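Data first, discussion second: the structure below is written as structure tokens.
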Amino acid sequence: MDQRKKEAVFSYIDQEKQKIIQRGDDFFHCAELGFREIKTQQMICQALEEMGIPYEKTAQTGVAASLGTGSSYHIGLTCDIDALPDGKGGTIHSCGHSIQTAAGLTVLEALQKTNVLAETDGKVTVFFTPAEEFIDFAYRDQLIAEGKIRSRSGKQDMILSGVFDGVDCILSCHANGEAEARFDIGSTLAGFLAKKAVFHGTASHSGAAAHLGKNALHGAVLCQNAIAFLKDQFPPEAGIRLHPVLTSCSGDVNTIPDQAVLEMYLRANTQEILLDCDARLNQCIHNCGQALGLDVTVENTPGYLPLAQSKKINAVVEKNMRLFCRGEEDIIHGPVSGASGDVGDLGYLIPTVQFGFSGIQGRFHSDQFAVIDPENCYIRTAKILCGTILDLFAQKELRDYPVSYEEKKAWYCKDWLKCTAKIS
Ligand SMILES: [Zn+2]
Ligand SMILES: [Zn+2]
């Protein structure tokens, strides 16, 4: 029974192959930056209307569309929709998010046209999520000030608005840069935060009365050394990447500087290490300032949390992935990635997976990026997602559920994002 449903969905996808690839191409050529995906949103909504699938707009330029009416298990599929600057004044889909957008529509269409969800006890919602790339802050901060969004990333905004409340698991996929293997599973994604440390001292004549001043630059230099030594205390697998930059310093050659600013990104592979390193980093900053009698202020800006994947859901994904592999060598297990994504934030709250698919030529985030294997990008990927959804609906024992969602969301909103706006 289960198998028959899968076969129906897979053959529908094969039958519609040309249309699906064409749609992927159309989205690839509609490249818009985060929270500016106006045309992309229109194209998604139009496709959903043609399919007769109800949807809601969310997070300024996002869309959420559901199939199935059951309440026992709610599967979410997140599909990024935003593009990047091409370095020449234009935009380009150089992270492959257009492939995800197309995949989300393929999954909805295939599940609906084959009517395979008719007797399920759950529902599936595809979330077309804007603004995954963490860029363009002036525009996004303006939107926040105008009350149009609540955070700089699409998924963060949707978490804050309660869009993911009640979702039991999250599926997602992302293009990878692999040349040989078709897929990867269980990849890490680093988490990060931005930190700005300001050392405040006392200005004074650097020749006549240097001893009456307090050199803020000395605090920053001492701190840069402490940070270099701190990094030594973490093992390589912690993925600590921390490179403080002196972004401003007052004074001139005849004046003791009274202010020095160190800015840095802190990256780590797990949430525990990220928070631990952050606490120790703050100690370095404060203690270095204190050692020289300087005042110090520290400002944190949250980025994305590291991705922790659901092993249980990944087992289901892998089973379906194997249907489309030539052999063991087609799946890379647990690659370590220095990249980050706002899917990491979802992974903290809800059991989440993100598998990778190959089929790309050219560097990511460059104007060389191109889809060269549409079969892998658009066809096999959509089949894996549909197969996983059908398995999760058919076999309750395969499911994974959120643990302490409300508690975690409260920490996430107040302590991590430091969002003071009322949480719905
Ligand atoms: Zn990217
Ligand atoms: Zn991306």
Side-chain angles (χ1 to χ4, degrees), residues 24 27-37 40 44 59 61-62 76-88 90-104 126-137 139-140 151-158 170-178 183-192 194 239 241 265 267 269 303-307 309 332 335-347 352-373 376-378 381-382 385:
F27 279 109
F28 184 77
H29 289 104
C30 182
E32 299 169 295
L33 300 185
F35 293 125
R36 303 177 193 258
E37 306 96 329
T40 305
I44 294 167
T61 44
L77 166 61
T78 57
C79 301
D80 297 330
I81 63 173
D82 60 320
L84 285 144
D86 65 0
K88 300 171 193 156
T91 50
I92 180 173
H93 266 297
S94 56
C95 204
H97 294 179
S98 55
I99 306 167
Q100 297 178 38
T101 313
V126 177
F127 299 98
F128 296 92
T129 51
E132 189 282 325
E133 301 289 349
F134 208 58
I135 54 171
D136 204 12
F137 294 154
Y139 172 68
R140 295 184 192 181
S151 198
R152 284 173 170 180
S153 104
K155 295 187 196 75
Q156 289 180 341
D157 184 69
M158 290 160 82
I170 297 283
L171 310 180
S172 69
C173 58
H174 199 292
N176 68 25
E178 276 307 316
F183 305 105
D184 74 70
I185 192 156
S187 157
T188 66
L189 281 179
F192 71 99
R241 279 170 299 277
Y265 266 20
R267 295 181 172 88
N269 284 344
Y304 297 156
L305 288 173
L307 176 62
Q309 302 216 26
I332 296 171
V336 175
S337 172
S340 301
D342 56 1
V343 72
D345 293 34
L346 279 175
T352 295
V353 297
Q354 179 166 87
F355 70 87
F357 55 86
S358 64
I360 304 303
Q361 196 176 51
R363 296 183 310 280
F364 278 63
H365 289 207
S366 89
D367 62 359
Q368 305 300 304
F369 186 100
V371 174
I372 52 155
D373 184 353
N376 209 50
C377 289
Y378 298 116
T381 295
L385 290 166

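Position 1 is the first residue of the sequence; numbering continues from there. All of these numbers come straight from a predicted model, not from anything done at the bench. Atoms within each ligand, like the ligands themselves, are counted from 1 in listed order.
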Checking Ser151 against Asp157: is there a side-chain donor and acceptor pair closer than 3.5 Å?
no

Just by distance, no angles: are the side chains of Gln156 and Asp345 close enough, under 3.5 Å, to form a donor-acceptor pair?
yes

Establish, from distance only, whether the side-chain atoms of Glu37 and Thr61 form a donor-acceptor pair under 3.5 Å.
yes

Is the distance between the ring centroids of Phe35 and Tyr139 less than 6.0 Å?
no

Glu133, N/O/S atom nearest the Zn ion (ligand 1)
OE2

Rounding to 10°, state the angle centred on the Zn ion (ligand 2) that links SG in Cys95 with NE2 in His174.
100°

Short check: any N/O/S atom of His365 below 2.8 Å from the Zn ion (ligand 1)?
yes

